[in-house]
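Only heavy atoms go into these numbers, but all of them, side chains included; no hydrogens, no water, no symmetry mates. Values in this document were obtained by computation on a predicted structure and should not be read as measured data.
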Amino acid sequence: MARGAEAGETSRPPPNIQALRVRARPDPLLIVCRCFSFVTAVAAVACVFVNALFAVRSFRNGSDIFGGIFRCYAVAISLFVAVAETEWGFIIKIWRILEYWACRGMLQIFVAVMTRAFPVVSGEPRYLVLLQEISSYLLLACGLTYVISGASCIGFLKRSRQHQETTREQAARDLEELMRRKEELEALLIVDRT
């Protein structure tokens, strides 16, 4: 029996690359963090939209130029918050402080307060006021969640798991390349023997 088993083992074809491919399950923490980043980015884009509409209305009426300028700053900072949520390497490299969730949350709270800062004029359309309240309170909630999570070191845990995921993916790519190279060398060896 041992001989049959040995003979069976030697007659097996070499393992192919697809069989060795590591199937890692996605990390639930990273999935939750990506979903939360998406919600935060949507809230920031809503703040951009609301502040832009109020800025246009301020400049069009001509009565509140300083309010319009304030809203323009709010648009710029809201846009920056939305881009920061994508965690684009270029932005994170320049603004290293945004890696820390507590700081990112404080920036979001600042934008939410800027969006909600001006009192509502009685002539404003109700849908615009409602959109302002929803976007500012949603971004405020996201900012508070970031501050609390940052104080709880969830951001550090997320960065650690992202690093592990990147390392695992790189190891799988390296293994694929090694297996491909091994098959090429074995094919060359077989050709040389014949």
Side-chain angles (χ1 to χ4, degrees), residues 26-163 165-166:
D27 190 349
L29 176 69
L30 294 178
I31 292 172
V32 169
C33 289
R34 287 179 188 130
C35 291
F36 185 68
S37 288
F38 176 75
V39 169
T40 305
V42 167
V45 169
C47 286
V48 168
F49 182 70
V50 166
N51 285 315
L53 285 176
F54 273 112
V56 167
R57 291 176 71 84
S58 295
F59 288 131
R60 188 182 306 151
N61 295 342
S63 60
D64 191 14
I65 301 297
F66 291 112
I69 293 170
F70 180 82
R71 293 291 183 172
C72 288
Y73 279 113
V75 166
I77 298 171
S78 299
L79 196 57
F80 181 73
V81 167
V83 171
E85 279 305 307
T86 63
E87 294 186 356
W88 188 30
F90 177 72
I91 298 293
I92 298 297
K93 191 182 294 184
I94 292 174
W95 297 90
R96 299 290 289 183
I97 196 164
L98 292 177
E99 281 185 9
Y100 302 103
W101 280 17
C103 298
R104 191 182 293 191
M106 285 186 249
L107 180 64
Q108 293 166 2
I109 291 169
F110 178 68
V111 169
V113 169
M114 282 182 78
T115 302
R116 187 66 181 102
F118 278 99
V120 177
V121 181
S122 60
E124 298 294 339
R126 183 71 186 137
Y127 72 89
L128 198 55
V129 173
L130 184 64
L131 187 59
Q132 175 190 11
E133 289 177 359
I134 290 171
S135 63
S136 65
Y137 287 128
L138 183 60
L139 192 59
L140 180 67
C142 291
L144 287 173
T145 304
Y146 264 114
V147 168
I148 292 167
S149 298
S152 303
C153 298
I154 302 292
F156 176 77
L157 182 63
K158 178 194 172 213
R159 285 191 301 276
S160 172
R161 291 202 179 172
Q162 276 180 328
H163 179 70
E165 183 180 58
T166 304

Revision key, fill the gap. When rounded to the nearest 0.5 Å, the distance separating CD1 of I77 from CE of M114 is 4.5 Å
Practice item. Give a yes or no on whether F36 atom CZ has more than 12 heavy-atom contacts from other residues, nucleotides or ligands under 6.0 Å away. Key: yes
Point to revise | Residue pair R161 / K158, side-chain heavy-atom distance below 4.5 Å | key: no
Check your understanding: Would a distance-only check, ignoring hydrogens and angles, find a side-chain to backbone donor-acceptor pair under 3.5 Å from R71 to T115?
Key -> yes
Check your understanding: How many angstroms lie between atom SG of C47 and atom CG of L131, to the nearest 0.5 angstrom?
Key -> 8.5 Å
Check your understanding: In Å, rounded to the nearest 0.5 Å, how long is the span from CD1 of I92 to OG1 of T86?
Key -> 7.5 Å
Point to revise | Reported CZ-to-CZ distance for the pair F59 and F54, which is rounded to 0.5 angstrom | key: 14.0 Å
Study note, to complete from the structure: Between V111 and S78 the two heavy atoms that sit nearest each other are CG1-OG, 3.0 Å
Practice item. Could you tell me whether the side chain of R159 reaches within less than 4.5 Å of the side chain of Y100, counting heavy atoms only? Key: yes
Exercise for review: For the pair R116 (side chain) and L140 (backbone), establish whether a donor and an acceptor sit closer than 3.5 Å, ignoring hydrogens and angles.
Suggested key: no
Review point. Is it the case that more than 12 heavy atoms not belonging to I97 sit under 6.0 Å from its CD1 atom?
Key: no
Exercise for review: Look at R104 together with E87 and state whether they make a salt bridge at an N to O cut-off of under 4.0 Å.
Suggested key: yes
Point to revise | Side-chain heavy-atom pair L128, R57 within 4.5 angstrom cut-off | key: yes
Point to revise | Contact check, side chains of F80 and L98, non-hydrogen atoms, under 4.5 Å | key: yes
**Study point:** Value rounded to 0.5 Å, distance of CG in L139 from CG in L144
**Key:** 10.0 Å
Practice item. Classify the ring geometry between W101 and Y146 as parallel (under 30°), tilted (30 to 60°) or perpendicular (over 60°). Key: perpendicular
Practice item. Measure the CG-CZ distance between N51 and F70 for me, rounded to the nearest 0.5 Å. Key: 8.0 Å
